Number of protein chains: 2
Amino acid sequence: MADDPKDQRPLRADARRNRERILDAAAVVFARDGLEASLDAVAAEAGVGVGTVYRRFPEREMLVTELFTAKIDSFVELAEECAAMEDPWQGLVRFLSEASRRQGEDLAFREIVLGPGATSEMMDMPRQRLAPIVGRMIEGAKANGDLREDFDVLDVPLVEIMLARLNDLTGRVSADLWRRMLTVVIDGLRRDRDQATPMPVDPIRPLDYAAAITNARR
Amino acid sequence: MADDPKDQRPLRADARRNRERILDAAAVVFARDGLEASLDAVAAEAGVGVGTVYRRFPEREMLVTELFTAKIDSFVELAEECAAMEDPWQGLVRFLSEASRRQGEDLAFREIVLGPGATSEMMDMPRQRLAPIVGRMIEGAKANGDLREDFDVLDVPLVEIMLARLNDLTGRVSADLWRRMLTVVIDGLRRDRDQATPMPVDPIRPLDYAAAITNARR
DNA sequence: ATAGAAGCGGAGGAATTCACTCCGCTTTGT
DNA sequence: ACAAAGCGGAGTGAATTCCTCCGCTTCTAT
C-alpha cells in the first residue's frame with residue numbers, strides 16, 4: 001500500500017473554485033432532476049465546461065456521495081431528535097413535517113432516502129437506519145393513546161412520498177401548499193379528536209392550480 | 001362541403017381487427033407511460049408494425065380522444081352520482097375513493113383529468129366540468145357538519161394526486177395499499193370524530209416495500 | 001519573469017430514443 | 001384472379017446523453 005493516489009497534491013486555486021461551483025450547481029440540478037440528472041446540465045448550471053465536471057468527478061457516484069452524505073446524516077439526526085422528544089406524538093408530527101419538507105425540496109434526496117437510490121455502500125440504506133428510530137416514535141405515540149393503532153412504520157415513507165409529490169407539482173406556485181394535506185393527514189392519524197387542526201395555508205387559487213399543473217415536469 | 005372524407009368506406013376486415021388491437025394496446029401503454037407514451041411502444045404491445053399505427057392514427061390526438069372520451073364522461077357521471085347521494089359526506093367519501101382508484105390505475109387519464117393534459121377541444125377541461133359538481137358535494141358535507149370547514153374544492157385534486165402517486169409506486173406489489181392512506185385522509189377530513197376508521201388493508205411488508213421502490217419507473 | 005505543470009472549455013464521437021415515412025409484399029373483397 | 005387496401009419494419013432525421021480528447025489558458029514555484 002504505497003501512497004494513496006487521492007489527496008496527494010492540493011488542488012490549484014482555480015480548480016478548487018470550480019469544484020465548489022460544480023457542487024453548488026449539482027445541488028440545484030439534482031434537487032430538480034433527481035439522481036439521473038444529466039452532468040451536462042450540471043456543467044451548464046455551474047457555468048463550466050463538461051470536461052471540468054468529468055475531470056473532478058469521474059464517477060457520478062462521487063458527486064452524489066459528496067452532496068448527500070451530510071444531508072442524510074442530518075436527516076437521521078432529525079429522526080433521533082424527534083424520537084427523543086418528550087411527547088411522542090409531537091415528535092412524530094414534527095418528524096413527518098420536517099421530513100416531508102426536506103424531501104419535497106430535493107428530488108434526489110428523496111430517491112435516496114425512500115428508495116435504494118444510492119447504490120453506494122457509503123450511505124447505504126438510510127431506511128435501515130431510520131426504521132428503528134421511527135419505530136420508537138410510533139410505539140411511543142400509540143402507547144400514549146395519541147396515534148391510531150393500525151398505523152405502521154412503513155406508512156411513514158408513504159406519507160412522505162405523497163406530500164413530497166404534492167410539492168413537486170405545486171411548490172413553485174405555492175410553496176407551502178403541501179402543508180394543508182399534511183394537516184389533514186395528521187388529523188387522520190390521531191386516535192380520536194374533537195376539532196380539526198386549522199390548516200396553516202390558504203387553498204390554492206384556480207389560476208395557480210392551472211399554472212402548477214401546466215408547468216409540471218412530467 | 002362535399003362528402004366528408006371520414007367514414008367514407010368501411011375498413012377492410014383485417015384493418016378493423018388491427019385497429020382494435022391497437023386501441024387495446026394503447027390503453028395499456030398509455031395507462032403505464034402517460035400521454036407522452038411512445039407510439040412505437042403501442043405498436044410493439046399490439047404486435048403490429050409502427051406503420052399500421054401511424055396509418056390508422058396519423059395524429060396522436062386521435063388515439064387519445066378515442067381512448068379517453070368515454071372514460072372522462074363516465075368520470076363526470078361518477079361525480080354527479082356522488083353529488084346526488086343522500087348523505088353528502090358519504091358522497092364525498094365515495095367520490096374520493098373511486099376517483100383515486102381510477103386515476104391511480106391510468107396515468108394518462110390522470111394527466112387529462114388533473115391537468116390540461118389533453119389539449120384537445122373535444123374533452124376540454126374536465127376540471128371545469130367537475131369543479132361545480134364537486135363544489136356541491138363539499139358544501140353539502142360542510143352544511144351537515146361532517147366535513148371540516150377549511151377544506152376547499154381545489155384540495156380534491158390534491159388528494160387524488162397524492163393517492164394516485166402512491167399507487168404508481170406500490171400498486172404492482174400491493175394493489176390496494178393506497179387505501180390505507182385514503183382512510184387516513186378521510187379521517188382527517190372529518191370535522192370531529194371519536195374513533196379512527198380501521199384501515200382496510202394490511203401494511204406493506206418490508207420486502208414488498210423494497211421491491212416497489214426498486215422497480216419504480218422514473 | 002518564466003517554465004512547466006495543472007487545469008480548462010467545449011467540439012464532437014458513440015449510443016440511445018423517438019417520430020414518422022416509404023415501399024415491396026400480403027391480404028381482402030368482388 | 002386481380003386491383004385496391006393494408007401491412008411490416010427498415011431506415012431517416014432530430015434530440016439527448018455520456019464521455020473523451022486536445023489545443024489553449026492559468027496558476028505556482030523558483
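All of these numbers come straight from a predicted model, not from anything done at the bench. Letters A, B, ... mirror the listed sequences (proteins, then strands); counts begin at 1.
Out of D/dC18, C/dG7, C/dT27, the shortest distance to the side chain of A/D14 is found at C/dG7. Closest contact between the side chain of B/V50 and the listed nucleotides C/dT28, C/dT21, C/dC8 involves C/dT21. Distance from the side chain of A/V48 is smallest to C/dG9 among C/dT21, D/dC7, C/dG9. When distances run from any side-chain atom of A/A15 to the nucleotides D/dG6, C/dG7, D/dC18, the shortest one goes to C/dG7.
Along DNA chain C, the nucleotide closest to B/G51 and the one closest to B/A41 are compared, and the more 5′ of them pairs with B/A41. With the nearest nucleotide of DNA chain D identified for both B/R12 and B/R21, B/R12 has the one nearer the 5' end.
Within 4.0 Å (heavy atoms only), B/A44 reaches no atom of the nucleic acid at all. Among the atoms of the strands shown, base atoms are found under 4.0 Å from some heavy atom of A/D40.
Pairing each heavy atom of B/M85 with each of B/G91, the nearest pair is SD-CA, 3.7 Å.
The interatomic distance linking B/L35 (CG) with C/dC18 (P) rounds to 16 Å, in whole Å. When rounded to the nearest whole Å, the span between CZ of B/F57 and P of C/dA19 equals 15 Å. To the nearest angstrom, P of D/dA5 lies 18 Å from CZ of B/R17. One atom, CG of B/L39, and another, P of C/dT17, lie 17 Å apart when rounded to the nearest Å. Atoms CD1 (B/I22) and C1' (D/dC7) sit 11 Å apart, rounded to a whole Å. Summarising the geometry, the separation between OH on B/Y54 and P on D/dA10 is reported as 15 Å, rounded to the nearest angstrom. Between the CZ atom of B/R19 and the P atom of C/dT27 there is a distance of 22 Å, rounded to whole Å.
For the pair A/N18 and C/dC8, the criterion of a side-chain N or O lying under 4.0 Å from OP1 or OP2 is met. Look at A/T52 and you won't find any side-chain N or O under 4.0 angstrom from OP1 or OP2 of C/dG7. Contact annotation: A/R55 reaches the phosphate of C/dC8 (side-chain N/O to OP1 or OP2, under 4.0 Å). Within the 4.0 Å cut-off from OP1 or OP2 of C/dC8, at least one side-chain nitrogen or oxygen of A/R56 is found. Remark: A/S38 is in phosphate contact with D/dC18, judged by side-chain N or O atoms under 4.0 Å from OP1 or OP2. Within the 4.0 Å cut-off from OP1 or OP2 of D/dC18, at least one side-chain nitrogen or oxygen of A/R60 is found.
Ring centroid separation for the pair A/F75 and A/F68 does not come in under the 6.0 Å cut-off.
Ion pairing between a basic and an acidic side chain is recognised when a charged N comes within 4.0 Å of a carboxylate O; A/R129 and A/D73 show such pairing. Of the charged side-chain nitrogens involved, at least one lies within less than 4.0 Å of a carboxylate oxygen, so that A/E98 and A/R101 count as a salt-bridged pair.
A donor-acceptor pair is defined here as one N or O able to donate and one able to accept, closer than 3.5 Å; such a pair exists between the side chain of B/R148 and the backbone of A/T197.
Side-chain N/O atoms of B/S174 and B/R205 include no donor and acceptor closer than 3.5 Å.
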